[in-house]
Amino acid sequence: MEPQLKDHLTELEFIHNRVQMFEKLYARQQENYAKMAKPIRVTLDDGQCMEGVAFKTTPLDIVLKKSKELSKKAIVAKVDNELFDLTRPLEHDCKLEILTFDSDDGKQVFWHSSSHVLGECLERLFKGQLTVGPPLDPSQSLHNGGFYYDVDTSALGIDGNVSDHHYAAIEELIKTITKEKHPFYRVVLTKEEALEMFK
């Protein structure tokens with residue numbers, strides 16, 4: 001008989017270790033950023049210039065000053081034509097464009113972030129070991145996009161695939177996770193640190 005699905009978060013030591021390691025690395029990164037702070041000018045795509053602080057001001061900070069309405073729709077930023085998370089600090093004088101779901105890049109980032117939420121759900125619900133889980137290539141996408149995660153569920157004793165009868169539990173936990181409104185933060189780490197974090 002297949003085990004009943006429940007949230008196994010409190011039992012998953014690897015998640016707690018990952019969170020602790022992330023918090024340590026993020027704190028180190030923030031200390032380093034504080035040492036590099038300096039005034040910068042941010043030029044918006046409409047030509048407006050705004051002041052900021054390198055390694056402190058984020059695209060989200062800028063968009064909140066410009067438009068509360070746009071901040072609610074913002075998915076990702078383009079900084080000098082490079083995609084930037086909304087909470088990633090700006091590093092120097094730059095050109096900034098805010099992208100919404102209406103753009104191809106906005107859709108891709110939305111689906112990528114959504115795959116992380118699904119991954120967290122699968123780890124917690126199935127004690128899953130995640131493998132691959134990106135957004136779908138636009139040529140493979142459903143009408144408006146999509147994403148997936150391959151997961152090994154053998155730790156929970158499920159032999160085979162996640163199937164239709166699991167969907168209600170998956171949907172319920174995803175609703176719980178999204179209501180918690182966990183922010184997405186970027187941390188730069190070495191390959192060795194990444195391997196340790198996700199072992």
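Quick caveat: nothing in here was measured; it's all calculated off a predicted structure. Along the sequence shown, the residues carry numbers beginning at 1.
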Do [X] and [Y] have side-chain heavy atoms sitting under 4.5 Å apart?
X      : Y      : value
Val151 : Thr131 : no
Lys78  : Leu83  : yes
Ser113 : Phe184 : yes
Met21  : Glu193 : yes
Trp111 : Phe101 : yes
Ile177 : Cys121 : yes
Thr100 : Leu70  : yes

Pairwise distance [atom1]([X]) to [atom2]([Y]) - rounded to 0.5 angstrom:
X      : Y      : atom1 : atom2 : value
Phe22  : Phe198 : CZ    : CZ    : 9.0 Å
Glu97  : Asp46  : CD    : CG    : 11.0 Å
Lys73  : Lys68  : NZ    : NZ    : 15.5 Å
Leu156 : Leu5   : CG    : CG    : 6.5 Å
Phe55  : Gln30  : CZ    : CD    : 11.0 Å
Lys65  : Leu44  : NZ    : CG    : 10.5 Å

Which atoms form the tightest heavy-atom contact between [X] and [Y], and what is the distance?
X      : Y      : result
Lys6   : Glu11  : NZ-OE2, 3.1 Å
Met50  : Lys66  : CE-N, 4.5 Å
Ile40  : Ala54  : CG2-CB, 3.7 Å
Pro89  : Tyr33  : CG-CE1, 3.7 Å
Gln129 : Phe14  : NE2-CE2, 4.0 Å
Leu118 : Ile170 : CD1-CG2, 4.2 Å

Open item on the list: Between Phe126 and His8, is the ring pair (Phe, Tyr, Trp, His ring centres under 6.0 Å) condition met? List the steps.
Closed with: CA-CA 8 Å; Phe126 294 92; His8 296 278; 8.9 Å; no

Can any side-chain N or O of [X] pair as donor or acceptor with the backbone N or O of [Y] at less than 3.5 Å?
X      : Y      : value
Thr176 : Glu172 : yes
Ser114 : Phe110 : yes
Asp85  : Thr87  : no
Asp61  : Thr58  : yes

Would you call [X]-[Y] a salt bridge at under 4.0 Å N-O?
X      : Y      : result
Arg41  : Asp93  : no
Glu123 : Arg18  : yes
Arg124 : Glu120 : yes
Glu82  : Lys95  : no
Lys72  : Glu69  : no
Lys107 : Asp102 : no

Task: Heavy-atom neighbours of Tyr148 OH exceed 12 at 6.0 Å - done: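 Yes, OH of Tyr148 has more than 12 neighbouring heavy atoms, counting only those of other groups under 6.0 Å.
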
TODO: Tell me, yes or no, whether the heavy-atom count around Glu171 atom CD, taken from other residues, nucleotides or ligands under 6.0 Å, exceeds 12.
DONE: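 Atom CD in Glu171 is not packed in, count stays at 12 or less.
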
Membership question, hydrophobic clusters at under 4.5 Å side-chain separation (ILVMFWY): are [Y] and [X] in the same one?
X      : Y      : value
Ile62  : Val79  : yes
Tyr149 : Tyr167 : yes
Leu130 : Met197 : no
Leu90  : Val53  : no
Leu125 : Leu122 : yes

Open item on the list: Ignoring hydrogens and geometry beyond distance, is a side-chain donor-acceptor pair present between Asp152 and Ser154 at under 3.5 Å?
Closed with: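 Side chains of Asp152 and Ser154: pair found under 3.5 Å.
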
Task: Exercise: do His16 and Glu13 side chains pair donor with acceptor under 3.5 Å - done: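 Side-chain D/A pair, His16 to Glu13: absent.
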
- [ ] Not counting sequence neighbours, which residues clear side chain to side chain contact (heavy atoms under 4.5 Å, CB included) with Thr10? List them please.
- [x]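 Thr10 satisfies side chain to side chain contact (heavy atoms under 4.5 Å, CB included) with no residue once adjacent residues are dropped.
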
